[in-house]
Amino acid sequence: GCGGGEEKKEAPKDAASDVIKIGVFEPLTGTNAAGGEMTVEGIKLANQLFPEVLGKKVELIIVDNKSEKQEAANAVERLVSKDKVDIIIGSYGSSLSMAGGPIAKDAGVSVIGCSPTNPAVTLGNDYYFRVCFIDPFQGTVMANYAVEKLGAKTAAIIQDVQQDYSVGLNNYFEKSFKQLTGNDNAIVAKVNYNTGDKDFSSQLTSIKSKNPDVIFAPGNFLESGILVEKARELGITAPILGGDTWEAEEFLNRVKNTKDIYFSTHFDSENPVTEMSTKFMEEYQKAYPDKQVNAFGALGFDTYILALDAITRAGSTDQQAIRDAIAATQNFQGATGMITLDANGDATKTAIIKKVVDGKFAYEGKVEPK
Amino acid sequence: MAKVNISNMLQTDNITMQFGGIRAVSNLSLNIKPNQIVGLIGPNGAGKTTAFNMITGVYKPTTGKITFNDHDITGLKPNKITELGIARTFQNIRLFSSMSVLENVMLSKHVRLKATPFEAILGLPRYTRTRKKHYEECMELLEQVQLADLADEKAISLPYGKQRRLEIARALATQPGMILLDEPAAGMNPQESLELMEFIAKIRDEFNLTVLMIEHHMEVVMGICEHILVLDHGETLAQGTPEEIQNNQKVIEAYLGAVDESA
Amino acid sequence: MNGEIFLQSLANGISLGSLYALIAIGYTMVYGILRLINFAHADLLMVAAYVAFYGIILFTLPWWMAFVIAILVTALLGVSIEKVAYRPLRNAPRISVLISAIGVSFLLENLGIVAIGARPKSFPRPEEVVWNITIGDISFLSLTVIIPVVTIIFLVAVTYMVNKTKTGIAMRAVSRDFETASLMAVDVNRVISTTFAVGSGLAAVGGIMWSLQYPQIDPLMGVFPGLKCFIAAVMGGIGSIPGAMLGGFILGMGEVFLVALMPELSGYRDAFAFVLLIFILLFKPSGILGKNVVEKV
Amino acid sequence: MDSRQRIKSFLTVGLLVLSCILLYFAQDSLSSFNTRILNLAAIFIILGVSMNLVLGFTGMFSLGHAGFMCVGAYVSAILTMSPESKEMIYFMEPIIPPLANIHWPVLPAILMSGVVAAFFGFIIGFPALRLRDDYLAIATLGFGEIIRIIVTNTISITNGSLGLKNIPSIKSLWLYWGFAIVTILVVKRLINSSWGYAFKAIRDNEIAAEAMGIDIFKHKLMSFTIGAFFAGIAGALMGHLITSVDPTMFRFLFTFQILLIIVLGGLGSLTGSVIAAVGVTVMMEVLRFVEQPMNLLGLTIPGIPGMRMVIFSLLLLFVILYYRQGLMGTREFNWDWILDKIGVKRGQSKGVKLDG
Amino acid sequence: MLKIEDLHVYYGGIHALKGISLEVPENKVVTLVGANGAGKSTTLRAVSALVQPANGKISFRGEDITKTKTADIVKKGITLVPEGRRIFANLTVLENLKMGAYARNDKAGIKKDMDDIFQMFPRLKEREWQAAGTLSGGEQQMLAIGRALMSRPSLLMMDEPSLGLAPLMVKEVFKIIKDIHGKGMTILLIEQNATAALQVADYGYVLETGNIVLQGSGKELVANEDVKNAYLGKAH
Ligand SMILES: Nc1ncnc2c1ncn2[C@@H]1O[C@H](COP(=O)(O)OP(=O)(O)OP(=O)(O)O)[C@@H](O)[C@H]1O
Ligand SMILES: Nc1ncnc2c1ncn2[C@@H]1O[C@H](COP(=O)(O)OP(=O)(O)OP(=O)(O)O)[C@@H](O)[C@H]1O
Ligand SMILES: [Mg+2]
Ligand SMILES: [Mg+2]
């Protein structure tokens, strides 16, 4: 700025403060509200199970970012400078995370993201971490799976051009797929749609005519559910592949009676990767009996317990110590798997491949990180 | 007078206006000399307002040509025609409702402003000077039309008669050579109409204007027009001096009605 | 493009186009009378969908009964919205009414989020209504046939009402001049309420059809069809009922064929809707079948 | 210039000086949260004032503001991001060469955003301004969306939906409020100038305005382009405030938000737009408490997300139904009113504002 | 038939009617004259309940209608031809006339009245299918009168029906007024053309800035010096 001089650090907090504050900024209204809602359910659940750290009560401060960037920035600013939280969790939607990131960084407060998968979120920001894997990894995993397990020689891509998630995954899928098949023309069709679209018939019709071996179509579960259902209605029989966002009840409802639907995700309830997975599953069913377990809830859950773990390891609420503790996370046992954070602050962990079988998500295999 | 064509200020050659199946004006030819007051009369729907609209550029004639001071103005945009010196009033009063009397008149000076918006925003002298000059001209004009003391009133709060006069003043502020008045006396009682008549004669002299007006009040038309043209069904029925028109049998049948004591 | 793709796309286009048309008719009708872009119309779709949803899921009503109730409830809601949020603004500038409409729309959406949560729900598809039809290589849902039929029925009914019945003429008179209409012994409030009841009922039918076609409902579900169908209505000439129908079909078909013919442009699909709209407006400034409202000078 | 005029000029200068002093102290003493809210308010002031020029003063129902913001935000972002950042961020498709190495200082970049947005306004205005009312509204809304969709799809320039980050961050109140004050002054002087009256005349009665010699199209285009210019500036500032941009920020719903501001403040009142811009921005934050769990008489009420928007919608409806003119109607803050109150005599001249 | 007592009307701060009282007897023509802005139109608007009086009483055939809604007043038989024509621009000429008969259900009667009106104004018959908004000023005025007649009022109130009409048409309108009066209709008429109005009128009231300053039979008023000077023009 031109006002002059260095950043003003907030006054050090009262060391005798008897609560530890965890700020959460998530989209609870607006276009991303559904994702935010699921994530917060997981965070709240974790908070009920683990309400204390360092002998102090944990206070969750949840603020809505309305799915808008300027609101997300305000929300984070509020958390760091008014509520003076010790650590922040958020946010569903990479662009919202990116709006908040620099503010937390300036204030020296660490943020752990649950599901923002855009690589740019943590790039150049030492204070931003995440418990999910990022787009390049998922895209690559699915390309591998398509070529090696499904024996695909050609693929079609459908992407939601408005979702960085969808665009990102597709980008890496395409690269790997071409590499693995050694064929630069292996992607026979690439079509787009926009968030909120409900009619995919024309895109699918054009893909059908190209007759690809597999279709890769990561995107929001909402659009994807309709898309996949429609694809089958149109008589497309090729396997359809997607990413972790598909692990949602809403998606399942659409594709229940559908064969050959595969996606990568974070954990599996039948084959729990960790003890924490089992625990999460049980508790989740208890807390939300009428809801289906989902990846976002699990990621929210993991973010919270990782935050507590880091604070415990830091032994204090010193901001720098917390940051360093998070950065040093190795083989942390989360509900979604064993989490190790790399130099960028991104999680490297096992990816699970699931398939829809008899109206349920079924475990199909797993892919270890390289 | 020399043989050159200075005699006609406004000339229309066989202008026709067709709306779908309706031919509102057909082959109208007008010749108006400088400083004349000319009346355009005719039954309702004869095409008088339409003729005005063609002259002022609101409609482009389907066929025909309009010349003003030797410029071909056929099909020009209304603002261009105003710039060239034809101003008008409307059959239904159209004042700028949010503005004061003075602002309504000042607006007509906008086209005469020789400065850029930047000069206005920065308040540079060329702009402020012209603006000041225009302001003085407008106040003087309002003085002449006896609206000066109402300069700050909202235009639409004025009584009807004064609104009509303001409309004329606003037209005058564009510094026209010719003014077209569409039923200026409509809605006025006979007494007010007489005053208006005197007013029109006065501005004609003071501003050296040519006037073309549509009017249904015969006492006004016959009182001040030097030449009258009668339209019927879009066609010229007759033209001539007031006396000629008043005694023209066709005009009486189509428009005036048989002589009757009450009118 | 081969014959099969063409036929398939045709089927797709018909079903999307008639759905657009159905909703656009409601828009156009309310606009025609009040000159109001009723933003809340979009959210009425959502309300109808939820009422039908809860009727079937929670109260286990037969689907047709749930649908009828949804239509009635939505019509009632539409009438009440007009009473509360638009009627006091009868003589206000149009922009105020528009803002009021935006306010109502925001309110319905956010109330939806607060009351039922933002997570989408899966709309049930009764087997009697939705089944798969396969003819040769082309397959489509029964809705592809049902929706156009429903749309045409409503088109004919509404056109007849507006043009031929006394209430219809009164509606059009009211649209121009409340005061003078009342001088003709017209009960202006009643005419407007009727308009809203019918318009909202149409929104409800549209909402239900939309949910059957894309069976995922959430509090913001109306926004997208709302905008698209409004575009369709404007394209056809807002205020004109056959125009809405035409606009809906042009938009639906256009979108489907754009993507089918040029898949690489599919990301521009929404832009296409607007480009088409603007293009049409430039040549026909009041839409394809819209009457040019001439202001007589 | 009579003495009253002189007093007014003096007061205006005084107020500007006072705001500088206030800004100076505020810069040093406000928390970063409050600074951010104030800066956001300044951006909304620019948006409100410029949209009011188009909609309130010229009477053009234009809803494309978010699109012009989008243009501005991207122009400034691409011009000011460091080449290294660009290399890092454009990891899917590299940015096209001429843009890759550009690295401008912030101020010229922001001005450039305005210019480019104005250029877009000009180009779009050409076809669009032939339309009126609702048709203009939907067409401009469409253009706004088209801009956004193009930005989403031209990945090698804009990085598509992945958005841009690492835009140089600016926290200084001076920058945001400086631009806000300049916008207010420029627009105020413009609307009080002969052009301003021409705009209002077009709004009041297009046919009569044209008959008085005003080139309707030219003036509409001018107002529209100026509006786009400031929207571009606001977009650029938004980018520097948040330090990242992506196309979804500029959906048409954003335009509605600005529309709400100018209607709440009063169409045709700059003062109203300013008050409403600040009011709404602050209110959105203040109202957050309704979404937090509350402790009422020992009873904990869980926070309900979305309540804030419900209250906000109700508030909006209330204002529009009961204060239909908005807070200020078409009135403006003016010195005359204050001077009359404290009894300074008026000059004799009739009140047309001759300068600004 | 119509009786107005001590009527006060305000437009915001403007006191437009300051307590006027007047009477329109059955089967008579009564006229209001006065300068622009005297409150003539306001009086008629108050009777039709288009403005709410602050004070005073309006009764029709002995029944208090001060609080009755506009639509119901029309049903009781009072119709207004509003100032400035106010035709429905988007409706055709025919539909405008149909609107006039909105409250009626006698198909045959409507048909007959429609034919009568087309006979009265052949111009309208020619333009039956034209959108009324594109009619010329005079044609619109004919339509406005015709539309009002379609409701078969027992009291017809006309606000400046000759405004903007050609001289021949003005005579025609006055002839129509005499005709319909002859058929038993009661008429309350406002006219700028006061001379003509007072000649057809049985009784007249002179309004000045919201007050009734003079009243008398039509003949008396035409002869009155003050009236002559103020409204009829010196020329007369
Ligand atoms: N835009 C239009 N579309 C269709 N017909 C029109 C249009 N404008 C005018 N007309 C028709 O053209 C004819 C002439 O109209 P115009 O307004 O010129 O009449 P006028 O002579 O001014 O009559 P008045 O004295 O009643 O004002 C009328 O029959 C009218 O219906
Ligand atoms: N809607 C309104 N708002 C404010 N003032 C009004 C309104 N309508 C009329 N007035 C005022 O009320 C007074 C009476 O108006 P009214 O229209 O009754 O006069 P009038 O006698 O019919 O005149 P005219 O001959 O012009 O028709 C006038 O001073 C007028 O300015
Ligand atoms: Mg005329
Ligand atoms: Mg009157």
Side-chain angles (χ1 to χ4, degrees), chain A residues 1-4 7-8 10 26-31 33 36-37 40 61-64 66-75 77-82 93-95 98-103 106-107 118-121 123-125 136 160-168 171-172 192 194-195, chain D residues 23-24 27-28 31-37 40 43 84-85 88-89 91-93 106-107 149 152-153 155 159-167 169-175 238 241-249 251 253-254 257 281 284-285 288 291-293 303-309:
Chain A
C2 43
E7 291 303 329
K8 297 175 297 291
E10 300 297 330
E26 287 287 344
L28 299 173
T29 54
T31 38
E37 200 174 292
V40 168
I61 301 175
I62 302 171
V63 287
D64 173 23
K66 268 181 74 191
S67 314
E68 284 171 18
K69 275 182 94 105
Q70 72 271 19
E71 280 268 336
N74 287 355
E77 188 77 76
R78 180 183 189 94
L79 290 173
V80 299
S81 95
K82 280 198 88 160
S94 295
S95 77
M98 278 193 265
I103 298 160
D106 285 349
N118 183 339
V121 171
L123 276 183
N125 187 340
D160 178 347
V161 278
Q162 285 190 27
Q163 296 292 330
D164 44 358
Y165 167 83
S166 174
V167 175
N171 190 263
Y172 291 100
N192 303 327
N194 287 290
T195 310
Chain D
L23 280 178
Y24 180 79
Q27 183 72 55
D28 277 343
S31 72
S32 58
F33 173 68
N34 288 339
T35 311
R36 170 170 297 272
I37 300 300
L40 191 58
I43 294 174
E84 303 83 64
S85 284
M88 182 176 87
I89 301 296
F91 54 82
M92 279 185 24
E93 266 180 50
V106 169
L107 219 52
I149 293 165
T152 311
N153 285 282
I155 301 181
N159 208 22
S161 57
L162 294 152
L164 298 177
K165 71 173 238 170
N166 285 3
I167 303 168
S169 158
I170 298 168
K171 303 215 168 75
S172 158
L173 282 168
W174 291 102
L175 182 83
M238 191 70 113
L241 182 71
I242 302 179
T243 74
S244 61
V245 295
D246 68 81
T248 49
M249 275 171 84
R251 267 181 299 234
L253 286 173
F254 195 95
Q257 217 160 317
T281 320
M284 282 312 282
E285 283 303 315
R288 271 191 196 281
E291 295 185 357
Q292 303 297 336
I304 306 170
M307 259 339 248
R308 194 163 52 125
M309 285 309 290

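All values derive from a computational prediction rather than experimental measurement.
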Which one, [options], leads in non-hydrogen pairs under 4.5 Å with chain A?
options: D:M88, D:E291, D:M309; value: D:M88
options: D:T248, D:V245, D:I89, D:N166; value: D:V245
options: D:N34, D:I149, D:L253, D:T152; value: D:T152

Residue part contacting chain D, namely of [X], when any heavy atom lies under 4.5 Å:
X: A:E37; answer: neither
X: A:V40; answer: neither
X: A:L123; answer: both
X: A:L79; answer: neither
X: A:Q163; answer: backbone
X: A:Y172; answer: side chain

Between [options], the one whose heavy-atom pairs under 4.5 Å with chain D are most numerous:
options: A:A72, A:G168, A:S166, A:P119; answer: A:P119
options: A:V167, A:T195, A:T29, A:N192; answer: A:V167
options: A:S94, A:G100, A:A99, A:A75; answer: A:A99

Main-chain N/O of A:G101 paired to D:K165 side chain as donor or acceptor, under 3.5 Å: no
D:R288 side-chain N/O to A:D64 backbone N/O, donor-acceptor pair under 3.5 Å: yes
Bottom line for D:Q257: the part with an atom under 4.5 Å from chain A's heavy atoms is side chain
With a 4.5 angstrom heavy-atom cut-off, is it the side chain or the backbone of D:N153 that approaches chain A, or both, or neither? side chain
CA sep, side-chain torsions, deciding dist, call: D:S31, A:K82, side chain to side chain donor-acceptor pair (under 3.5 Å): CA-CA 8 Å; D:S31 72; A:K82 280 198 88 160; over 6 Å; no
Are any non-hydrogen side-chain atoms of [X] and [Y] less than 4.5 angstrom apart?
X: A:N118; Y: D:F91; value: yes
X: D:E285; Y: A:E77; value: no
X: D:M284; Y: A:Q70; value: no
X: D:R36; Y: A:I103; value: yes
X: A:N74; Y: D:L40; value: yes

If I compare all heavy atoms of D:I242 with all of A:P102, which pair ends up nearest, and what's the gap? O-CG, 4.3 Å
Could you state the interatomic distance from CE (A:M98) to CG (D:L162), rounded to the nearest 0.5 Å? 7.0 Å
Between OG of D:S32 and CG of A:D106, what distance do you get to the nearest 0.5 Å? 8.5 Å
